[in-house]
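Before any comments, here is the structure.
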Amino acid sequence: MADKSDKSNRFKARLPRGLEDHTPGEIAATRAMIDRIRAVYELYGFEPVETPAIEYTDALGKFLPDQDRPNEGVFSFLDDDEQWLSLRYDLTAPLARYVAENFDTLPKPYRSYRVGYVFRNEKPGPGRFRQFMQFDADTVGSSSPAADAEMCMMAADAVEALGIPRGSYVVKVNNRKVLDGVLECIGLSGEANAGKRLTVLRAIDKYDRLGREGVAALLGAGRKDESGDFTRGAGLDTKQIQSVLGYIESPYLAHGGDIESALDSWGKAIGLSSTGKEGIAELKQIAALVRAANYGTDRISFDSSVVRGLEYYTGAVFEVDLTFSTDSQDGSPRFGSVGGGGRYDGLVARFRGEPVPATGFSVGVSRLLAALEHLGKIETEAARGPVVVTVFDKDRMADYQNMVAALRNAGIRAELYLGSGKFAPQMKYADRRKAPCVVIQGSDEKAKGEVTIKDLIVGAELAKLEKGREEHLQKQTQAQRAVPEARLVEAVREVLARHGIAPH
RNA sequence: GCAGCUGUAGCUCAGUUGGUUAGAGCGCCUGACUGUGGAUCAGGAGGUCGGUGGUUCGAGUCCACCCAGCUGUACCA
């Protein structure tokens, strides 16, 4: 289709925004993260289960795309049979579908984990992608706060297993019932106030970013941002605003981390709301369980401004924030939370018609990787490549292929140079592949029944040396030496061992 | 979606008050080196200056609209 003679007709190779290609180094880092998270989840007794990336749209939520806006946030398409399908936007809704569909055969409470890509059709940004990886664990069939407490502790363990030191992250806990109680207390209950409640919750959620002034503006008439754009507020009166701010700013860590009394102070904002009281009681139980297991407030803390966006949360909600991500002054992007979750008692019930309590937690693998990469706290450089066997005489390809086979049979990653270049380009290729060494056999070596092994790592050091004759000479003998053909594997192993490189 | 800023080579950017043939560094390719990568030197390829229309004798430069990117904000079930 593309016409080579006319460049303007040539297709432009380009990636849709919000999507990412992954380099070998990033893939290796992602794998390592997955392995570590999995080890923690399995230690807690969770078992794997995975579901497809595509579900019926109505299984993902109550929302159904219409003709005008079939892709509001979710990638959707019409199947042959006129039914709407969607790419999953999280791993929780599909799990609810799976549990509901296999309810009778699963042990209850059902504990399972899964990792995979999810898709959101939203505006991308730093740490925000349209395809990204999540790693979830869920407990379905337990309404006990112990299940929620376990999620928080496991979240902390998982984050630490990823090499993020204690003090550099925090698991923040809140409860939707408390928030509902606060709203009830300022007279925002009932169907008529549904829209206003959402606006208030969104405002509360922004407290750590916008601060008191910004949230007060959003709760009242509205707020103008730094670009001059105006956001309409919730239209609360002064007394209501004071009440909400009082709740957000209640001292949740006051007096040496006395969580009991701190949570009591949240209670002032919920008045007589029974829902609110329930929420406070649940939080107190979670706090007690977590403390009994010796997780201090440096790991698991309580934060009245945590809301979480997803509408399906019904009780406890958690969020994991990196505490070192906001420390650079000007141009540092905000990455947001790197994990979250909570209690979603209504999600499975939607399919079953009977109450099925559930709670879960999700690590945002892609965002966490992006954040760590941005902070320079993770290695995403490509690892060492394979040993490269170079080609001198094209007539003797079979010989070279045999050398490669001998190395592979010994469990050493090796490849034959398959390009068309002469010798120098082959060296350059091996350099780019990060090959630890190359194997060379030209006519000289062949005549003597030898092969030359060149250590590219020592060779690189050699090039940097300026003085030190002794060291230079020693390196030179290491850098390149000829050995009998029969000792090829042995000599290559020596090179790998010298640099501590695993053969495969 | 709304607002602000920005679009010149693969990347980072120069480009004088509009003036002939649009430059540099890095990277890439080739060669010096018919058997040795990272160094040095020489050469080469690579641009409808984001797009369209307008003002002008003349536009990379000025104007309008469109598109894209970035940032903020909203949305994020």
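Below, chains carry the letters A, B, ... as their sequence lines are ordered, and counting in each starts from 1. Both backbone and side-chain heavy atoms feed into the values below; hydrogens, waters and symmetry mates do not.
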Taking the C1' atom in each of B:G54 and B:G44, what is the distance between them to the nearest angstrom?
40 Å
Just to confirm, is there a sub-4.0 Å distance from OP1 or OP2 of B:C75 to any side-chain nitrogen or oxygen of A:R128?
no
Nearest heavy-atom pair of A:S304 and A:L179: which atoms, and what distance?
O-CD2, 4.1 Å
Assess, by modelled atom type and distance only, whether the side chains of A:D138 and A:Y344 contain a donor and an acceptor separated by less than 3.5 Å.
yes
Between B:A74, B:U36, B:C76, spot the one nearest the side chain of A:K454, thanks.
B:U36
What distance, rounded to whole Å, do you find between the two P atoms, one in B:U21 and one in B:G31?
35 Å
B:G7 and B:G50: how far apart are their P atoms, nearest whole angstrom?
9 Å
Nearest-Å distance once atom C1' is located in both B:C70 and B:A77
28 Å
What nucleotide, of B:A77, B:G37, B:G35, holds the atom closest to the side chain of A:Y89?
B:A77
On the six-membered ring of A:F230, is A:R232 placed so that its NZ or CZ lies under 6.0 angstrom from the centre and within 45° of the ring axis?
no
Using a strict 4.0 Å threshold on nitrogen-to-oxygen distance, state whether A:R343 and A:E282 make a salt bridge.
no
Check for me: is A:Y429 stacked on B:G37 by the 5.5 Å centroid and 30° plane-angle rule?
no
Sticking with atom C1', work out how far B:U8 lies from B:G60, rounded to a whole angstrom.
7 Å
What nucleotide, of B:U36, B:G35, B:A74, holds the atom closest to the side chain of A:L218?
B:A74
Below 3.5 Å, does any donor atom in the side chain of A:Q426 face an acceptor in the base of B:G35, or the other way round?
no
Would you mind classifying the nucleic acid contact of A:D444 as base, sugar-phosphate or nothing, using non-hydrogen atoms under 4.0 angstrom?
base
